[in-house]
Protein chains: 2
Amino acid sequence: MAQEKKVTEEKITENVSTEYLGNLLSERGVKPSIQRLSVLKYLISKKNHPSVDVIYQYLHKEIPTLSKTTVYNTLNLLVDKGIVTALSIKEGEVLYDFIEYPHAHFLCTKCGNIYDIKIDNQIFNIKTFEGFHIEESQINLRGICSNCKN
Amino acid sequence: MAQEKKVTEEKITENVSTEYLGNLLSERGVKPSIQRLSVLKYLISKKNHPSVDVIYQYLHKEIPTLSKTTVYNTLNLLVDKGIVTALSIKEGEVLYDFIEYPHAHFLCTKCGNIYDIKIDNQIFNIKTFEGFHIEESQINLRGICSNCKN
DNA sequence: GTATCTGCAAAACATTTGCAATTCT
DNA sequence: AGAATTGCAAATGTTTTGCAGATAC
């Protein structure tokens, strides 16, 4: 059972090739170190809106020398380069999300899960508003998810 | 000049009657103490999306015995009772906003100012989505404001 | 006089910073 | 060797907690 779980985890992370990840970083002028590749790989393959600690706890098993500072550094760098979004939907800690397509986020206040909501909203297309230049748009929803409703 | 500023500040806060504030609190089962009335009065009259510290620094002048813990307690209570919204648009600290009508928030990443954006968005009207019960919708925009653009 | 509310000090977290050790070319 | 990257330990800043004293009804 424990072994089966491990195999599944490996499969998920193996879906993304190191070459693809390396290109993603190099394109934006970020040198693809083991640590940076791992963090980006985690974000792309897991799609679970992780916190710094969640990423650290997971990758620490694969790379025992990894430090939390490096996870912080890497995520700040990826956000800076526009590869990753910092979500501020949950108070007290920042969550991270690989930028694929614009979508809203829903936080279930009962189970704490965060869901991607694929709504086609005008907000995501607005780039200027009364002289304001909009660079980033986040839609954060909170409530009770369908699993917790019953 | 300093005196003129003080007069202006007093005028602003005097716009909201203590009776109105007291009713707002009592209606939701919150006992209207001096501290709670002051925090709510500040939020309603200033409309400046303050942090805990901004509120504390201001009210501390009027009520020297006020503690920051009480400001925290009060704001958590007001959010709990649905009187106030906790904004998570700025990383590192939570900002507060009196709930009047649904609107988006814009954070200028240059000057740090937060603006209310009165957009009429469908998002604010959606209460259910694929079995999800939506209780709160926040739209957070980031970019450069018209003042900083030049 | 009992409930609640307030406020101090300490604790608990998340995040950043300074700097030395390591790695890469 | 030189430049960038990593990682530890300490510092910072925000928010929470425990508890004792004050206040209200």
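Atoms considered below: every heavy atom in the structure, side chains included; atoms not considered: hydrogens, waters and symmetry mates. In what follows, chains carry the letters A, B, and so on, assigned in the order in which the sequence lines appear, proteins first and then strands, with residues in each chain numbered from 1.
- Going from atom NZ of A/Lys90 over to atom P of D/dT15 covers 17 Å, rounded to whole Å.
- Between B/Val30 and B/Tyr56, the residue anchored closer to the 5' end of DNA chain C is B/Val30, taking for each the nucleotide with the nearest heavy atom.
- Within the 4.0 angstrom heavy-atom criterion, only backbone atoms of the sugar-phosphate kind lie near A/Lys31; the bases stay farther away.
- Here the side chain of A/Thr109 pairs a donor or acceptor atom with the backbone of A/Gly143 at under 3.5 angstrom.
- Partner of A/Tyr96 under the side chain to side chain contact (heavy atoms under 4.5 Å, CB included) criterion, out of A/Thr85, A/Val54, A/Asn48, A/Leu43: A/Leu43 alone.
- A/Ser51 comes within contact range of no nucleotide atom at all, as no heavy-atom separation falls under 4.0 Å.
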Point to revise | Intermediate values then yes/no, side chain to side chain contact (heavy atoms under 4.5 Å, CB included), A/Leu78 and A/Arg36 | key: CA-CA 9 Å; A/Leu78 295 180; A/Arg36 289 168 177 172; 5.9 Å; no
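- Comparing B/Val52 and B/Ile34 by the nucleotide of DNA chain D whose heavy atom lies nearest to each, the residue mapping closer to the 5' end is B/Val52.
- Other residues, nucleotides and ligands contribute only 12 or fewer heavy atoms inside 6.0 Å of the NZ atom of A/Lys81.
- The base-pairing partner of C/dA3, taking Watson-Crick or G-U wobble contacts with both distances under 3.5 Å, does not exist among the strands shown.
- The footprint of chain B on DNA chain C, defined by a heavy-atom cutoff below 4.0 Å, extends from C/dT4 to C/dA9.
- Nucleic acid contact for A/Gln35: sugar-phosphate only, since backbone atoms but no base atoms lie under 4.0 Å from a heavy atom of the residue.
- Computed from coordinates, the A/Glu93 CD to D/dT15 P distance equals 14 Å when rounded to whole Å.
- Note: CG (A/Leu75) to P (D/dT6) measures 12 Å, nearest angstrom.
- In this structure, A/Asn73 does not reach the D/dT5 phosphate: none of its side-chain N or O atoms is under 4.0 Å from OP1 or OP2.
- Judged purely by atom type and a 3.5 angstrom limit, A/Lys68 has no side-chain atom pairing as donor or acceptor with the backbone of A/Val52.
- Of the possible polar contacts, one joining the A/Gln138 side chain to the A/Ala86 backbone as a donor-acceptor pair under 3.5 Å is found.
- For D/dG7, the OP1/OP2 oxygens have a side-chain nitrogen or oxygen of A/Thr70 closer than 4.0 Å.
- Between B/Leu77 atom CG and D/dT16 atom P there is a gap of 13 Å when expressed in whole angstrom units.
- Under 4.0 angstrom from either OP1 or OP2 of D/dT15 there lies at least one side-chain N or O belonging to B/Tyr72.
- Note on B/Asp53: nothing from the nucleic acid sits closer than 4.0 angstrom, heavy atoms only.
- Checked by atom type and distance alone, the side chain of B/Glu136 never pairs as donor or acceptor with a backbone atom of A/Asn140 at under 3.5 Å.
- Residue A/Thr69 has its side chain nearest to D/dA9 when only D/dT16, D/dA9, D/dA4 are considered.
- When both distances must be under 3.5 Å, the Watson-Crick or G-U wobble mate of D/dT23 does not exist.
- Protein atom NZ of A/Lys68 is 13 Å distant from nucleotide atom C1' of D/dG7, rounded to whole Å.
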